[in-house]
Amino acid sequence: MKTIQLAHGSGGKKMYELIKETILAQLGINTDNGLDDAAELHVETSRLAFTTDSFVVKPLFFSGGNIGSLAVSGTVNDLLMKGATPKHLSLGLIIEEGFALEDLNTILKDIKKHCDYAGVTIVTGDTKVVGKGEADGIFINTSGVGEILPETNIKGSNAKPGQAVIVSGTMGEHGVAVMAKRNELDLEGNITSDAMPLTKTVLPLLAKFAPSVHVLRDPTRGGVATTLNEIALDSHVEISIQESELPVSPHVQAVSDLLGFDPLYLPCEGRFLAIVDGDKANEIVAFINAQDQNNKACIIGTVEKTATTGGVMLTTLTGGKRVLDLPVGELLPRIC
Amino acid sequence: MCLGVPMKILELHDNGFAIAESGSVNLKISTQLLEKVNLGDYVIVHAGFAIEILDEKAAMETFALLEELAKSHEEVENERFK
Amino acid sequence: MNDLNSHELLKHLSKQLKARKVNQQITLMEVCGTHTMAIHRSGLNQMLPDNLRLVSGPGCPVCVTGVSYIDTAIDMAKQHGVTLTTFGDMMRVPGSKENLSEIRSQGHAVEVVYSPLGALELAEKNKDKNIVFLAVGFETTTPTIAATVSLAKEKNIKNFYVLPAHKLVMPALEALISDPNLGLNGFILPGHVSTILGSKPYEFIATKHNMACVITGFEAADVIQGIHMLIDQIETGDPKIEIQYKRVAHEEGNAKARALVDEIYEPCDALWRGFGSIPMSGLKLRPAFEAFDALKAFPVTVNDEVENTGCECGAVLQGKIIPPDCALYGQVCTPEYPIGPCMVSSEGTCAAYYKYRTS
């Protein structure tokens with residue numbers, strides 16, 4: 001079984017082969033005009049968006065994706081959340097000695113597929129190989145550059161009373177997909193991660209409704225509840241959410257009930273929260289759902305009022321109103 | 001003290017295990033704690049074990065009773081707002 | 001399972017409960033931590049009728065686990081190099097110096113499992129490792145661990161051990177009720193413990209102590225119906241053991257599960273955090289299963305229980321006060337900086353109050 005060795009990272013012939021014949025080949029990048037130390041970019045706007053993210057997900061492969069597809073959609077979506085058209089990515093790989101070449105090929109193929117889907121190109125990158133046990137298989141970092149669309153003004157601190165809170169689809173799909181194969185648990189069924197670039201929805205949304213879209217955020221690790229709290233804190237507002245409106249798929253609800261989780265805190269990877277003008281909310285929801293049949297956008301609440309520290313309140317199914325807090329500690333299966 | 005979730009038995013294996021389903025999620029569980037269990041039964045699953053068979057008739061009765069309770073309140077409320 | 005959680009149903013049921021006229025002061029205890037969570041997470045604690053108060057009981061297996069138990073598990077990992085396996089609930093419960101999450105970050109092997117069968121599977125797959133399962137839980141969880149020990153014996157798996165900290169509900173209820181100034185009128189009894197025990201063991205609460213009892217399910221609609229049934233019992237002066245959770249709990253309970261526990265374990269005194277020692281309220285392995293006893297295979301000496309908490313967790317666990325009555329609650333003692341067990345465990349009474357607070 002062909003594996004990555006330390007030699008692949010030592011700058012010699014083996015490294016050159018790995019980069020040219022495996023990495024660049026799989027990514028479909030031709031190197032006729034050589035490999036420079038930096039890429040030259042041509043951009044039409046002065047308002048650039050720039051972001052970076054590292055990916056260390058365990059397990060590396062889960063239903064609906066792998067660490068590679070995650071590395072592309074994560075960074076592409078962060079650029080979209082700034083109202084930018086994603087253009088170029090960098091790709092940094094840190095590979096552990098002994099990592100299977102076949103797995104690296106699978107990951108690189110998925111990276112290429114997601115880049116093509118999102119219309120972005122990998123223009124620069126780096127590969128390092130570390131000794132056995134110094135990394136857990138593979139770590140990936142991606143950075144991204146995008147052109148902020150002229151008429152957009154998207155900031156986490158833009159939320160104002162009267163605006164509506166929209167979520168683009170069901171919550172917690174990625175969290176369940178990753179959890180299904182952890183903690184000695186063997187869950188089967190149509191559990192797939194929602195990890196997807198959001199270009200096909202967010203770019204048309206901004207083209208049509210930019211003046212009415214004030215905040216865009218893609219909830220990831222801490223789930224929808226954490227992202228709502230971040231927005232409320234940045235904007236110094238109180239956001240009010242209705243439990244009856246929260247979109248949760250049957251399988252995420254089933255796994256949440258089994259393991260004692262709350263879907264509001266489960267990670268997502270292909271969803272976004274939008275805070276928009278109240279009077280345009282229904283139109284925007286219909287528009288989002290028309291872009292992609294995976295979307296199940298709905299209005300889950302409103303920006304209630306200004307508040308010195310800012311926070312999120314949840315109106316429960318019984319009509320009680322309680323704080324929707326930031327999570328504490330890691331997500332672990334419970335019996336109680 | 002004890003999270004327990006209703007799941008439906010899809011397969012019964014002879015070694016005391018079964019495949020149970022809820023919300024299209026399948027989980028391998030143990031049926032060691034039950035005298036007998038049949039395909040299609042709903043069971044309460046806790047920490048990977050079926051701890052009891054769900055009485056579907058009783059479940060319907062509970063729901064019907066609660067629905068009636070809720071309706072009577074709805075009528076009272078509509079009365080007040082007429 | 002026609003939807004007990006439908007907004008339509010719950011909207012009316014909770015308003016109706018809130019509007020119910022209760023013409024005497026009533027205090028009910030929900031014994032089980034899962035009930036405490038369900039009540040606060042659903043916001044039901046805000047929809048109670050006037051004159052009715054809910055207090056929480058010692059019903060969360062994690063918060064009643066003693067500091068010395070965590071120290072014992074930690075020392076086993078450190079001194080004997082065993083792999084600890086546990087339910088997620090135990091990861092942040094403090095020992096005298098550190099918790100399981102902290103020793104994992106120091107490189108000690110601590111694995112979280114959903115089921116005790118997962119721990120047994122780890123043992124089967126890693127013959128070179130000694131797997132110790134932290135066997136906590138009340139009557140619902142204990143049979144699942146007893147069944148796993150029995151399976152381990154059947155499959156002759158030599159590297160699987162349990163560290164028992166099981167608790168029995170009945171002795172704790174008896175200890176609670178013997179306190180004259182407890183001021184309780186009735187109990188919301190734990191639905192799943194009662195699925196195993198049945199309703200008979202609770203008879204003494206109604207016959208000897210004249211307290212209303214309803215075995216209740218865990219959906220918000222179940223708890224609403226259970227509370228109505230309790231108020232009816234109290235107002236008609238007819239305390240008895242009623243079952244709201246008819247779809248799962250029955251009078252005789254699950255005899256097979258009880259028999260399996262009795263085959264593997266025998267009662268012994270046990271230490272309850274916040275209560276001290278309660279006679280015959282715990283379980284230890286019978287001699288025939290000594291080979292699975294982690295304490296025998298990996299002896300450690302830890303100093304005995306020291307309640308390092310200046311807080312009033314004991315009073316909260318006994319339902320004498322509710323979390324806001326404790327001076328440390330929410331200020332000095334929060335989920336980020338928990339002092340007492342009721343705040344540490346994510347299902348603890350104070351954690352439920354704080355996590356689902358109204359402001």
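Hydrogens, waters and symmetry mates play no part in the numbers below; they use all other heavy atoms, side chains included. To find a chain, count down the sequence lines: A is the first, B the second, and so on, and within it residues start at 1.
When the candidates S72(B), G4(B), A47(B), A70(B) are compared by the number of heavy-atom contacts under 4.5 Å with chain C, A47(B) comes out ahead. Per-residue counts of heavy-atom pairs under 4.5 Å with chain B were compared for T148(C), T195(C), T36(C); the largest is that of T195(C). For the set E8(C), K15(C), K246(C), Q16(C), the count of heavy-atom pairs under 4.5 angstrom toward chain B peaks at Q16(C). Per-residue counts of heavy-atom pairs under 4.5 Å with chain C were compared for E67(B), E74(B), Q32(B), E35(B); the largest is that of E74(B). For the set T144(C), V248(C), N254(C), V62(C), the entry with the most heavy-atom pairs within less than 4.5 Å of chain B is T144(C).
For chain B, the nearby parts of L9(C) are the backbone and the side chain; heavy atoms of each come within less than 4.5 Å. Residue contact with chain B, scored on non-hydrogen atoms closer than 4.5 Å, involves the side chain of L151(C) exclusively. Looking at I44(B), the atoms closer than 4.5 Å to chain C (heavy atoms on both sides) all sit in the side chain, from C-beta outward. For I53(B), the part lying under 4.5 angstrom from a heavy atom of chain C is the backbone only. There is no contact between K11(C) and chain B, counting heavy-atom distances below 4.5 Å.
Counting only distance, with no hydrogens or angles, the side chain of Y114(C) and the backbone of G48(B) share a donor-acceptor pair below 3.5 Å. Side-chain atoms of R20(C) do not come within 3.5 Å of backbone N or O of P49(C) as any donor-acceptor pair. Although no hydrogens or angles enter the test, the distance criterion places no donor-acceptor pair under 3.5 Å between the side chain of D262(C) and the main chain of A259(C).
A side-chain donor from one of H166(C) and T142(C) sits under 3.5 Å from a side-chain acceptor of the other.
Taking both residues in full, the closest heavy atoms of F138(C) and P58(C) are given as CZ-O, 3.5 Å, listed atom of the first, atom of the second, then distance.
Salt bridge D222(C)/R247(C): present, at least one basic N to carboxylate O contact under 4.0 Å. In summary, E61(B) and K57(B) engage in a salt bridge, as defined by a charged side-chain N under 4.0 Å from a carboxylate O.
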